[in-house]
Number of protein chains: 2
Amino acid sequence: MNIGQAAQASGVSAKMIRYYEEIGLVPKAARRESGYRDYEEADIHRLRFIRRARDLGFTVDQIGELLGLWADRSRASSNVKTLALSHVEELRRKKAEIEGMIATLESLAQSCHGDDRPDCPILEELGAAGHDVSGLQAQPRRFGAPGFSPRRG
Amino acid sequence: MNIGQAAQASGVSAKMIRYYEEIGLVPKAARRESGYRDYEEADIHRLRFIRRARDLGFTVDQIGELLGLWADRSRASSNVKTLALSHVEELRRKKAEIEGMIATLESLAQSCHGDDRPDCPILEELGAAGHDVSGLQAQPRRFGAPGFSPRRG
DNA sequence: CATAAGGGTTCCCACCGTGGGAAGGTCAAG
DNA sequence: CTTGACCTTCCCACGGTGGGAACCCTTATG
């Protein structure tokens, strides 16, 4: 199976398959005489696994762990569950950040009449000296969590 | 005022101030004879504005627009409000994606006993042939939205 | 058999926003 | 004058992903 077919079958683009190989997330693919990578069912299976884990927002590192657990048929299911739940915690944090932003922005937008007059509390707030915008909604101090980048495919 | 003081006063790191200057988000700072950048109150003010807008999850491009609107004292407030609300829409989409992930993961985790036995529905689901994990929760098809990276400072 | 189309291969570049660090210049205080 | 804190520019890294160039391989068709 060529990389193109593997991509189609797994939902992971050829570019990404090569990238995952490069960073060691998947083992180096077998090569034909031509130099073409050659994939089998098991490889497709693994790629699909990765694709789904990405869809669930796991980072590549976490997916590496998951693959390890997946391969180890004697591991305790608690290991997997722990990993999953700690990821859920992470997701909840991000959700809370976003909710804070939404709440602040909505309250600012609500107080802006939004017509052709120039005065606008949104900009006034952003430009005001001193305090923190997030304080408007009494959000937890730190928005900036480690970056989150969902799949874009 | 040196860049260090400006950073302190605005909450934007010196690195980021230089970066914003480089990409043209802020005008080139005045220089002393020594070559040091020199900042005034108005610059600090603008940097604080940027910092807050980042805290609210606006992209650098959007902040550019916001700064333009901020500077234009005769613009209609509706322009600002529109921009803010469309950003809120974006945030809502991201929130929904995250909620989908959380829901799926929780339902998987719930069905995993999480003890020292090896069988684990989480990995089984991820590794299953065929269907889409998100289907478990009947989420809207596409998780992968354009990337989201909140501030990390 | 020759050629074209559509794969594949590697390699580099870009994005966004941020941090790290090296190599060198400046400034203020001791 | 020396020390240390600061500034300057420049390059590199991250996570993931896409774009594209330059080149090789395979397969179908005239």
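The figures here come from the full heavy-atom set of this structure, side chains too, leaving out hydrogens, waters and symmetry mates.
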**OP:** From the options D:dG18, D:dG16, C:dG17, select the nucleotide whose nearest atom is closest to the side chain of A:S13.
**Re:**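 That would be D:dG18.
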Original post:
Out of D:dG15, C:dG8, C:dT9, which has the shortest distance to the side chain of A:N2?
Top reply: C:dG8
Subject >> pair B:T59-B:E90: side-chain heavy atoms closer than 4.5 Å >> reply: no
**OP:** Establish whether the base of D:dG20 is bridged to the side chain of A:K15 by a donor-acceptor pair shorter than 3.5 Å.
**Re:**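 Yes, a donor-acceptor pair under 3.5 Å.
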Original post:
With distance as the sole criterion, do the side chain of B:Y36 and the base of C:dC27 form a donor-acceptor contact below 3.5 Å?
Top reply: no
Subject >> Which residue lies more 5' along DNA chain D, comparing A:M16 with A:S34 via nearest heavy atoms >> reply: A:M16
Distance in angstrom units between [X] [atom1] and [N] [atom2], rounded:
X: A:Y19; N: D:dG19; atom1: OH; atom2: C1'; value: 17 Å
X: B:Q5; N: D:dA5; atom1: CD; atom2: C1'; value: 12 Å
X: A:K94; N: D:dG15; atom1: NZ; atom2: C1'; value: 12 Å
X: B:D55; N: C:dG17; atom1: CG; atom2: P; value: 13 Å
X: B:R31; N: C:dG25; atom1: CZ; atom2: C1'; value: 13 Å
X: B:E22; N: C:dC15; atom1: CD; atom2: P; value: 10 Å
X: B:M1; N: D:dC6; atom1: CE; atom2: P; value: 14 Å
X: A:I3; N: C:dT9; atom1: CD1; atom2: C1'; value: 9 Å

**OP:** Please state whether the phosphate of D:dG15, meaning OP1 or OP2, lies under 4.0 angstrom from any side-chain nitrogen or oxygen of A:Y20.
**Re:** no
**OP:** Examine C:dG7: is either OP1 or OP2 under 4.0 Å from a nitrogen or oxygen in the side chain of A:R37? Give yes or no.
**Re:** no
**OP:** Look at all strands and tell whether B:R32 reaches a base, only sugar-phosphate, or nothing, counting heavy atoms closer than 4.0 Å.
**Re:** nothing
Original post:
Under 4.0 angstrom, heavy atoms only, what part of the nucleic acid is A:R18 near: base, sugar-phosphate, or nothing?
Top reply: base
**OP:** Kindly say whether A:S10 contributes a backbone atom to a donor-acceptor pair with the side chain of A:R51 at under 3.5 angstrom?
**Re:**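 Answer holds: no.
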**OP:** Please tell me which of B:I23 and A:Y39 maps to the more 5' nucleotide of DNA chain C, matching each residue to the nucleotide holding its nearest heavy atom.
**Re:** A:Y39
**OP:** Look up atom CD1 in B:I3 and atom CG in B:D38, then write down how far apart they are to the nearest 0.5 Å.
**Re:** 11.0 Å
Original post:
To the nearest 0.5 Å, what is the distance between CE (A:M1) and OH (A:Y39)?
Top reply: 11.0 Å
**OP:** Taking all heavy atoms of A:H87 and all of A:L56, pick out the closest pair and write down the distance.
**Re:** NE2-O, 2.9 Å
